Amino acid sequence: MDPLLLGLIVALATVFVLFSGIPVAVGLLTVSALFLLAFDGLRSLSLMPEILFGKLNDFALLSIPMFIIMGAAISSTRAGADLYEALERWLTRVPGGLVVSNLGACALFAAMSGSSPATCAAIGKMGIPEMRRRGYPDGVAAGSIAAGGTLGILIPPSVTMIVYGIATETSIGRLFLAGVLPGVMLVGLFMAWSIFSTWRSGNMAVLGQRSYPWRARLEILPRVLPFLAIIAGVLYAMYGGVATPSETAAVGALLCVVIAVVIYRMWSIGAIWVVLRDSTRESVMILFIIGAAGVFSYMLSSLFITQSIAGWIAELEANRWVIMLCVNLFLLVAGFFLPPVAVILMAAPILMPIIEGAGFDPYWFAVVLTINMEIGLISPPVGLNLYVINGIAPDIPLGTILKGSLPFVACMVLGIVILALFPGLATWLPTLVMGAA
Amino acid sequence: ATDLRLSHQWSTSDIRHKVAQMVADEVAAADVDLSIRIFPSGSLFKAREQYTPLTRGQLDMTVLPLSYAGGQHQEYNLTLMPGLVKNHDHAARLIHSPFMAELEKILNDDDVMTLVPGYLAGGFVGKDKCITKPEDVSGLQIRAAGKAFEEMLSGAGASIASMASSEIYNAMQTGVLQATNTSSSSFVSYRIYEQAACYTPAGDVALWFMYQPLLINKTTFEDLDDAQKEALLQASEKAEAWYLEQAKLEDAASAQVFEEKGVEIAKMSEEDFEAWRKLAAETSYKVFVTEVPDGQKLLDLALQVE
Amino acid sequence: MSGTAPATPLTAAAAAATALPRRDASHPFLRFAATLSRACGVLAALMIVASILVTCQMILVRFVLNGSTTWQTEFVIYMMIGATLIGLPYVQLLRGHVNVDLLPIALPRRLRLGLAFVTLGAAFAVIGLLMFYGAELWHVAWARNWTSETVWRVPLWIPYLAMPLGFGLYLVQIAADLFAVASGRETPFGLPEKP
Ligand code: NA
Ligand code: NA
């Protein structure tokens, strides 16, 4: 059979199986098993556990549970509230006040957590009730946190960047650096929109009025120190010759747990177990998808589908920006339904040759891809962050959360356009710190 | 038509891919209804996960550093043993010696046979200084390619840091690593010259030689018709000569790349080589002999080759 | 977008804000499977903790003592693989394996039940397949004395054991889920019944 036609059949089968409600990883394994059996016979089927094991046989994967633990440990303490309060006291003079400090807190928290939902939960637990109490519309309160939370995978550390680095054999340290400035840009866009919408709703005067004396502002600063210590410690370990990026993650995890226990007095075994349990659950889920996606991509490669699609697109000789537009639309649609890790793993082997063939920088593309995944996190039907918000504030209808986060989706699309116009936003910092790629 | 699948871990510009491509092209040109489809860059199997499928016929062909399967057959560790091979001409003689015939027997027992034998050489790089003799590595954090090398370098007083090859660049840059040894081509493809002060390439003598043959599943081969077998063997013979020639050029080419980037080039002398070899005899060889039944016999066979 | 809250706690953080899914324990088999899966969860979590500590120990030995670190990387990799495979049943128990439940939500009750049998059955079959071939690989590594290619020379049957064990225990939990749905103890996909 023509590999391209076969590819189409595999794609349809995958969509069908994944929509059935079967766990994503198991669905990928099921599709792989069916096609390997049909086109490669029993001899390939027996390879499945070996390939799954081999995919997980990679030290770099360690950083995934580690960065998840960092987020979970910190978000289980008062730390998120402290950070949030400090920013609020300092930023009240800024128009939009509270919502701007919430977004800032999300960005700072993202610098410690590798996952988006963790960021969302940590800041949202405090931020959403507070914003609603002060008269912000439910949509703005929920939407800003949902969107701000997505920064967790753009601002380093980032679980999806690690997965991308492994899938495409690119440097994880470089990928992290590539996400910094675009992350700052997105926060800026989010803040600009929040200020604008507050102003437009005529609430500017009311929402910005509260102010804190200097004493209150200075008083809170020591409570932000643990954060700065963790961020500084991780950066020093990573770029100061102490450890490789994957090893650094373990240092970060240990630091966060120690700080949670010592400074925030998370002394009970029960509380520590909750952090461990939640981190184990999220990590195992992601790592299982990674292993299953490895089997899936073996199937695609073995049936020569990957190579044929890449070759076919190269032969189209379409304009590189048309290709980029199509790639973005594909990622966007995939992101609507699938968790970021699954999208990256399934798409990377097919997309990478196309992207590099069209002359795009793989680090720049990682950032574009990540922003697409961020959009998926706050879009129906499977938007992890929407559900996190739903868990924090069950009385806000999902429709309202969705409507509130829609303008932030527009900000992210705008962000992708800006990145296309100024690719240096993603490539400048890695080049500055680590030299030319 | 027979369709064979060949998997390897290297990019399409690598010498080992070109060897595979050469065999595939020659076979195609012979017009014997046989085609070889190459899966480069680990796009089918990861580097270290190719040997087992090869033995079971789930993969037809591969270009593989044989020491990657050293966990299944300790004997293969002799194909990445410090000081066992002195230079490329020595390697060429070793390939057709009774020693290699013994290894071929082990391969055959696993239902594998060799099509294109070949050794590639490598050297040392230092972040701050040159490494030519054992004293140079004392106290350094070093990443060595291969178990036997780790044992020897550890015997020289170096500290061994184990990490994936993809992390070498980063680790050299930040100072986690102060030295490393691997193949000439890997040094260039990982752009290690950007982070090195000194490079000791393979020259008249070299310590680091790794056997990286093109292998085929034996049953797969035997199931081919006579014309196909003949075409494959002829293509392999041609590729072997080319592989040897290119392997020699590779060392000089890598030295040139490093020199152009302003990296100091050091030379390992005959005495340095003997010092390393003596150290290896006390460390890696010794471990090998204790770990492998019949190890002494195999080692002697290899050392007998002039 | 359906207004139904998903039964799947999609992430750890989401779960920190919501409660754990309630699992039925009215039958000894369900209790047995749940206990087994919880034990797996504890084991997986301990393996992750061990990875943190060993990695930090490795950095300490290398950076502070300038010593050799030959076994740590490999140890950590095997711990991560172990945690992943042994953790599977526990994550299933917590309904933590992320899924797309669009179709189940859209379906009427009877069809949803049918679909639940199909997906759980498929999961049972494919995980059973992995367990079978994983056991085969484990046995070969054990019988032929395979080791890793490092100085540490770990007998490979030890890390390979995670495959038959992890997938096998996962099968038990999937069987428990099938039983819970078939006996009407739990709703298909853990979704709330429509009024
Ligand atoms: Na982050
Ligand atoms: Na979505």
Side-chain angles (χ1 to χ4, degrees), chain A residues 18-26 29-30 33 45-46 48-50 53 56-57 59 61-62 65-66 68 72 75-76 115 117-118 120-121 125 242-243 247 250-251 253-254 276-285 287-288 291 337 339 380-382 384 387-388 390-392 397-399 402, chain C residues 1-3 5-6 10-18 41 44-45 48-49 51-53 55-56 58-59 63 73 76-77 80-81 83-84 87-88 90-92 94 96-104 115-116 118-119 122-123 125-127 129-130 133-134 136-137 159-160 162-163 167 189:
Chain A
L18 290 186
F19 271 37
S20 71
I22 202 168
V24 170
V26 181
L29 289 171
T30 309
L45 211 55
S46 63
M48 286 175 61
E50 221 169 317
F53 189 96
L56 296 175
N57 191 346
F59 187 78
L61 290 175
L62 168 74
M66 297 303 116
I68 290 175
S75 68
S76 67
S115 98
C120 198
K125 264 187 276 180
V242 181
E247 294 165 9
V251 179
L254 190 69
L276 267 180
R277 176 197 72 194
D278 290 350
S279 309
T280 304
R281 171 169 54 182
E282 189 171 352
S283 309
V284 168
M285 182 265 283
L287 290 170
F288 188 35
F337 302 103
V382 181
L384 298 193
Y387 296 140
V388 176
N390 193 236
I392 298 172
L398 221 41
L402 197 60
Chain C
M1 165 113 241
S2 142
L10 289 146
T11 64
T18 57
I48 292 179
V49 171
S51 321
I52 302 185
L53 297 178
T55 308
C56 292
M58 166 165 76
I59 296 170
F63 187 68
T73 320
V76 167
I77 291 173
M80 295 313 308
I81 297 176
T84 305
L88 291 176
Y90 183 57
V91 178
Q92 176 78 9
L94 298 183
H97 288 299
V98 64
N99 65 348
V100 184
D101 48 9
L102 279 187
L103 191 58
L115 187 63
V118 173
T119 54
V126 80
I127 299 299
L129 195 80
L130 285 166
Y133 288 120
E136 197 176 74
L137 188 63
Y160 279 2
M163 285 187 276
F167 290 127
F189 299 96

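The model shown is predicted, which means the values in this text are computed figures rather than measured ones. Here is the naming used below: chain letters follow the sequence lines, and residue numbers restart at 1 for every chain.
The line from OG1 of C:Thr84 to CG of A:Leu61 is 8.0 Å long, rounded to the nearest 0.5 Å. Of the inter-residue distances, the one linking A:Met48 atom CE with C:Met163 atom CE reads 12.5 Å to the nearest 0.5 angstrom. The distance from the CZ atom of A:Phe59 to the CD1 atom of C:Ile77 is 7.0 Å, given to the nearest 0.5 Å. Considering OG1 of C:Thr55 and CG of A:Leu254, their distance stands at 10.0 Å, rounded to 0.5 Å. Taking CE of A:Met285 as the start and CG of C:Asn99 as the end, the distance is 10.0 Å to the nearest 0.5 Å. Between the CG atom in C:Leu94 and the OG1 atom in A:Thr280 there is a gap of 9.5 Å [rounded to 0.5 Å].
When heavy atoms are compared at a cutoff of 4.5 Å, C:Val126 approaches chain A solely by way of its side chain, counted from C-beta outward. Looking at C:Val118, there are no atoms closer than 4.5 Å to chain A (heavy atoms on both sides), in backbone or side chain. Of the atoms belonging to A:Ala33, it is side-chain heavy atoms, and not backbone ones, that fall under 4.5 Å from chain C. Contact of C:Ala123 with chain A is made through backbone and side chain together, with heavy-atom distances under 4.5 Å. If you measure heavy-atom distances from C:Leu88 to chain A, the contacts under 4.5 Å come from both the backbone and the side chain. Looking at C:Tyr133, both its backbone and its side chain come within 4.5 Å of chain A, counting heavy atoms on both sides. The parts of C:Leu130 that come within reach of chain A are both its backbone and its side chain, each placing non-hydrogen atoms under 4.5 angstrom from that chain. Looking at C:Ile48, the atoms closer than 4.5 Å to chain A (heavy atoms on both sides) sit in the backbone and in the side chain alike. At a 4.5 Å heavy-atom cutoff, the contact between C:Leu137 and chain A is made by side-chain atoms alone.
For C:Ala162, the side-chain contact (heavy atoms from CB on, under 4.5 Å) test picks out C:Leu85, with sequence neighbours left out. Residues passing the ring pair (Phe, Tyr, Trp, His ring centres under 6.0 Å) test with C:Tyr160 are A:Phe53, sequence neighbours excluded.
Nearest heavy atom pair, residue C:Thr119 against residue A:Ser20, reads CG2-OG, 3.3 Å. Minimum interatomic distance between C:Pro104 and A:Gly21 (heavy atoms only, all atoms of both residues): CG-CA, 4.0 Å. For the pair A:Phe337 and C:Val100, the tightest heavy-atom approach, listed with the atom from each and the gap, is O-CG2, 3.4 Å.
Highest contact tally toward chain A, considering only C:Leu103, C:Leu53, C:Ile127, C:Ile81, is held by C:Ile81 [criterion: heavy-atom pairs under 4.5 Å]. Note: C:Pro159 leads C:Ala83, C:Ala122, C:Pro159 in heavy-atom pairs under 4.5 Å with chain A. Between chain A and the residues C:Cys56, C:Gly134, C:Ala44, C:Gly87, the most heavy-atom pairs under 4.5 angstrom are made by C:Cys56.
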Taking it one step at a time, do C:Met80 and A:Leu287 satisfy side chain to side chain contact (heavy atoms under 4.5 Å, CB included)?
CA-CA 9 Å; C:Met80 295 313 308; A:Leu287 290 170; 3.9 Å; yes
